[in-house]
Amino acid sequence: MTSDSPAERKNVEIKLLERRNAVLALIEGHGDDARPVELDQTRVGRLSRMDALQHQAMAKETERRRQHELDRIDAALGRLEDGTYGECVACGELIADQRLALDPSALFCIDCADKR
């Protein structure tokens, strides 16, 4: 953040905590989607099982992505607390305010993000 006023820091913290709560709600609301698929052929047809396996795989990937977002948010909250929020973790340069406005958990400046 180019301006590091307490009010701006508090606004960022509120944004991050709101997003964190939203992601947690999504994780809790869809936990059963990744449960094991029943493979009993007498109860479920082959195509239905294949569809269920595909649905399970997509649910697991969605869960993984949500957990990754949660980890990024937690890391951003940690950087906010230790005073390094807004600095690129790769090069140490400041991340553009516009980038942080779009993604408050951004780790990299645009140049380092492009290199990745």
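These values consider heavy atoms only, across backbone and side chains, with no hydrogens, waters or symmetry-generated copies.
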Query raised in the report: Just by modelled atom types, is the Leu80 backbone N or O under 3.5 Å from a matching donor or acceptor in the Arg9 side chain?
Result: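 Checking the backbone N and O of Leu80 against the side chain of Arg9, a donor-acceptor pair under 3.5 Å is found.
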Query raised in the report: Is there a donor-acceptor pair under 3.5 Å between the side chain of Tyr85 and the backbone N or O of Val12?
Result: no
Would you compute the distance between atom [atom1] of [X] and atom [atom2] of [Y] and round it to the nearest 0.5 angstrom?
{"X": "Asp74", "Y": "Gln67", "atom1": "CG", "atom2": "CD", "value": "8.5 Å"}
{"X": "Cys112", "Y": "Glu93", "atom1": "SG", "atom2": "CD", "value": "8.5 Å"}
{"X": "Lys115", "Y": "Ile110", "atom1": "NZ", "atom2": "CD1", "value": "12.0 Å"}
{"X": "Asn11", "Y": "Ser5", "atom1": "CG", "atom2": "OG", "value": "8.0 Å"}
{"X": "Ile27", "Y": "Arg65", "atom1": "CD1", "atom2": "CZ", "value": "14.0 Å"}
{"X": "Leu77", "Y": "Leu17", "atom1": "CG", "atom2": "CG", "value": "5.0 Å"}

Report task. Start with the C-alpha distance between Ile95 and Phe108, add both sets of side-chain angles, then the distance that settles side chain to side chain contact (heavy atoms under 4.5 Å, CB included), and finish with yes or no. Result -> CA-CA 7 Å; Ile95 299 172; Phe108 304 103; 5.8 Å; no
Report task. Walk me through it: do Arg72 and Asp103 pass the test side chain to side chain contact (heavy atoms under 4.5 Å, CB included)? Result -> CA-CA 10 Å; Arg72 285 183 47 160; Asp103 180 7; 2.5 Å; yes
Query raised in the report: Checking side chain to side chain contact (heavy atoms under 4.5 Å, CB included) for the pair Glu13/Leu16: CA distance, chi angles, key distance, verdict?
Result: CA-CA 5 Å; Glu13 182 180 15; Leu16 288 167; 5.8 Å; no
Requested in this report: Check whether Leu107 and Leu100 end up in the same hydrophobic cluster, where Ile, Leu, Val, Met, Phe, Trp and Tyr are linked by side-chain heavy atoms less than 4.5 Å apart.
Outcome: no
Report task. Starting from the C-alpha separation in whole Å, work towards a yes-or-no answer on salt bridge (charged side-chain N to carboxylate O under 4.0 Å, His left out) for Arg19 and Glu69. Result -> CA-CA 9 Å; Arg19 183 60 192 156; Glu69 183 175 2; 2.7 Å; yes
Query raised in the report: Passes side chain to side chain contact (heavy atoms under 4.5 Å, CB included), Glu63 versus Lys60? Steps please.
Result: CA-CA 5 Å; Glu63 185 179 312; Lys60 283 183 177 182; 5.5 Å; no
Query raised in the report: Of the options Lys15, Arg20, Glu18, which is the one that meets Ile73 in a side chain to side chain contact (heavy atoms under 4.5 Å, CB included)?
Result: Arg20
Report task. Return the minimal non-hydrogen interatomic distance between Ser105 and Ala76, and the atom names on each side. Result ->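 Closest approach of Ser105 to Ala76: CA-CB, 3.8 Å.
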Query raised in the report: Which pair of non-hydrogen atoms, one from Arg79 and one from Ala106, has the smallest distance, and what is that distance?
Result: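 Arg79 and Ala106 have their closest heavy atoms at NH2-O, 3.4 Å.
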Report task. Please identify each residue that fulfils side chain to side chain contact (heavy atoms under 4.5 Å, CB included) with Arg64, with sequence neighbours left out. Result ->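 Side chain to side chain contact (heavy atoms under 4.5 Å, CB included) list for Arg64, sorted by chain: Glu61.
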